[in-house]
Amino acid sequence: MIEDQRKFKILFVSNNFRPYSGGVVSALTILIDELMAHGHEVRLITLDFGVPCVDEPYVIRIPSAITFLHKGNHMAVPWRINAYMKKLIAEFCPDIIHVHHPFLLGDVAQQLADKNNIPLIFTYHTQYEEYAHYVPLLPQPVTTKTITYLVQRFCARTDLLIAPSSSIKKQLEDVGIKKSITVIPTPIRDHFFSNEHLKNNKRFRLLTVSRFVPEKNLFFLLDMMRLLDTNKFELTLIGYGSLYNELQKYAYEFCKFNRTVVRFIEKPAQEILLDEYRSADAFIFASKTETQGLVLAEAMANGLPVIAVDAPGSRDIVQSMINGFLVANIDEMKTKLETLALDKTLHEKLAQGAAQTAQNYRAEKCIAQLIAHYHLALKKNE
């Protein structure tokens with residue numbers, strides 16, 4: 001247990017929560033569960049998307065004037081944000097306001113934190129400018145510039161700015177963020193750490209876990225599979241998203257893959273997901289927009305070497321010849337996988353390195369860092 005005499009009242013604020021799933025939602029639930037397990041009191045203010053959800057008692061939803069779908073994603077226009085959040089802050093009296101999204105609710109939370117002299121923490125979970133295509137009505141170039149400006153302004157007004165990886169810290173510094181940035185990885189749940197392996201594969205089994213959306217670059221992986229000998233390799237893609245049907249069509253109609261060679265699993269139950277991690281031989285990843293990539297840590301916790309496209313997020317956890325490989329293109333990924341499948345000694349070395357790397361993402365270690373910085377933020381505001 002963390003030695004921590006003072007118990008905080010912490011208000012989390014995020015536009016992104018269920019019915020969404022994915023990295024940010026996983027991060028929020030893990031952090032809240034761990035903080036509450038250590039005796040801290042936490043509330044989460046989020047949006048009401050007009051979709052029935054079974055929420056935990058700590059979830060508070062701001063009513064929405066309008067809800068709609070855009071590109072298959074739930075959108076909400078909240079109603080009277082300032083009044084609702086002001087009332088909630090007065091009732092809860094938080095010691096810390098921890099924002100996980102800089103727009104809408106996050107912007108109002110910043111204003112109220114400033115008025116009430118409450119430390120404002122911001123975790124930069126997402127490369128927001130890479131998601132400009134999800135914003136309706138405005139042209140993408142205009143949206144991208146606007147998002148970049150607003151994020152920079154928001155970061156400058158925080159008491160503590162957290163990046164989940166060193167590469168994202170550097171990226172923020174490179175675009176002109178002058179604020180001191182603290183790196184605290186988002187933890188993964190203990191059940192991902194497993195010594196149980198179910199490997200008895202006829203083919204070298206590849207796995208990826210991702211949302212099926214454009215920015216995750218999943219067609220790259222299918223094109224790479226076309227270069228491999230499908231008598232020796234197979235691929236399982238786990239996730240959900242707007243490209244689910246299009247990816248299947250590309251795999252089975254254009255690439256002509258056998259359904260035993262390329263499999264899709266949509267939103268599996270937790271035990272099925274864990275079984276897939278335990279039965280895979282390697283994890284492959286093509287996204288270029290990750291801030292951390294929790295699935296990479298989950299894969300490594302299961303002893304899977306990771307072969308990933310060289311990009312922020314991946315670069316922070318994948319070390320070539322230690323726990324996997326970073327690659328620049330499809331041909332490099334193909335070559336590394338063929339080498340890994342043939343060289344059992346190398347595979348075992350990288351598997352052990354992956355398991356060791358994953359220890360850095362143990363909840364106990366990450367939460368200790370977060371609580372220590374909560375203390376520092378409060379001292380600065382005293």
Side-chain angles (χ1 to χ4, degrees), residues 1-17 24-47 55-62 78 80-125 151 153-164 169 179-187 362-382:
M1 291 291 289
I2 297 169
E3 294 295 331
D4 175 33
Q5 294 180 352
R6 178 170 181 177
K7 302 305 177 186
F8 297 125
K9 297 177 77 172
I10 307 156
L11 182 65
F12 276 27
V13 180
S14 175
N15 299 332
N16 192 333
F17 200 60
V24 175
V25 176
S26 294
L28 289 170
T29 54
I30 293 166
L31 291 172
I32 292 172
D33 287 349
E34 291 296 327
L35 287 167
M36 291 176 69
H38 286 89
H40 303 284
E41 192 175 352
V42 188
R43 299 286 185 276
L44 168 65
I45 294 179
T46 189
L47 295 172
D55 285 331
E56 295 84 351
Y58 60 71
V59 177
I60 303 165
R61 293 189 183 266
I62 299 288
R80 297 180 64 206
I81 307 175
N82 195 292
Y84 275 101
M85 197 172 293
K86 185 176 180 180
K87 180 174 182 290
L88 291 167
I89 288 173
E91 291 174 349
F92 184 48
C93 299
D95 301 301
I96 296 282
I97 296 179
H98 192 158
V99 174
H100 298 267
H101 200 284
F103 310 117
L104 282 179
L105 303 184
D107 187 54
V108 175
Q110 190 280 326
Q111 296 172 39
L112 292 173
D114 187 52
K115 287 181 181 178
N116 290 279
N117 195 35
I118 302 170
L120 185 82
I121 318 297
F122 172 44
T123 297
Y124 184 91
H125 287 286
V151 170
R153 188 182 70 169
F154 188 87
C155 288
R157 295 154 66 189
T158 61
D159 293 290
L160 174 65
L161 177 56
I162 297 173
K169 175 182 177 179
K179 196 81 179 179
S180 176
I181 303 168
T182 300
V183 176
I184 303 177
T186 302
R362 287 274 188 187
E364 198 75 10
K365 181 175 182 178
C366 299
I367 292 298
Q369 290 177 271
L370 183 59
I371 292 172
H373 280 87
Y374 283 167
H375 277 288
L376 291 174
L378 276 165
K379 286 181 181 178
K380 287 180 183 178
N381 268 47
E382 288 176 351

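The aromatic rings of H98 and H100 lie parallel to each other, their planes meeting at an angle below 30°, with 60° marking the opposite boundary.
Open room surrounds NZ on K87; 12 or fewer heavy atoms of other groups in view lie less than 6.0 Å from it.
The heavy-atom pair separating P164 from T186 by the smallest distance is CB-OG1, 4.4 Å. F154 and G106 get closest at one heavy-atom pair: CE1-O, 3.3 Å. What you find for H40 and R6 is that their closest heavy atoms are CE1-O, 3.4 Å. When all heavy atoms are compared, the tightest approach of A363 to E34 is CB-CD, 3.5 Å.
In this structure, the separation between NE2 on H373 and CD1 on I162 is 7.5 Å, given to the nearest 0.5 Å. Between atom CD1 of residue I45 and atom CG of residue L105 there is a gap of 7.5 Å, rounded to the nearest 0.5 Å. In this structure, the separation between NZ on K179 and CG on L161 is 8.0 Å, given to the nearest 0.5 Å. Rounding to the nearest 0.5 Å gives a distance of 10.0 Å between CZ of R43 and CG of L88. Taking CD1 of I181 as the reference point, atom OH of Y124 lies at 10.0 Å (rounded to 0.5 Å). The CZ atom of R61 lies 6.5 Å from the CZ atom of F17; values are rounded to the nearest 0.5 Å.
Taking 4.5 Å as the limit, every side-chain heavy atom of T46 sits out of range of all side-chain heavy atoms of F12. Looking at heavy atoms from C-beta onward, P94 lies in side-chain contact with I118 at the 4.5 angstrom threshold. With contacts defined as side-chain heavy-atom distances shorter than 4.5 Å, the pair P185/Q369 qualifies. Counting heavy atoms from C-beta on, the side chains of E56 and I32 never come closer than 4.5 Å. Between L35 and Y374, the closest side-chain pair of non-hydrogen atoms falls below 4.5 Å. In this structure the side chain of E41 reaches within 4.5 angstrom of the side chain of F92, judged on heavy atoms. You'll find the side chain of Y58 reaches within 4.5 Å of the side chain of T29, heavy atoms only. With contacts defined as side-chain heavy-atom distances shorter than 4.5 Å, the pair I367/L31 qualifies.
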Audit row: F8, I371, side chain to side chain contact (heavy atoms under 4.5 Å, CB included) steps and yes/no: CA-CA 9 Å; F8 297 125; I371 292 172; 4.1 Å; yes

Before giving the answer on side chain to side chain contact (heavy atoms under 4.5 Å, CB included), spell out for Q111 and K86 the whole-Å C-alpha distance, their side-chain angles and the decisive distance to 0.1 Å. CA-CA 10 Å; Q111 296 172 39; K86 185 176 180 180; over 6 Å; no

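Looking only at distances, a side-chain donor or acceptor of N15 sits under 3.5 Å from a matching main-chain atom of F103. Side-chain atoms of D95 come within 3.5 Å of backbone atoms of K9 as a donor-acceptor pair (strictly under, hydrogens ignored).
Among the candidates L376, I97, I96, T158, the single residue satisfying the side-chain contact (heavy atoms from CB on, under 4.5 Å) test with P119 is I96.
Using modelled atom types and a 3.5 Å distance limit, the side chains of Q110 and D114 yield no donor-acceptor pair.
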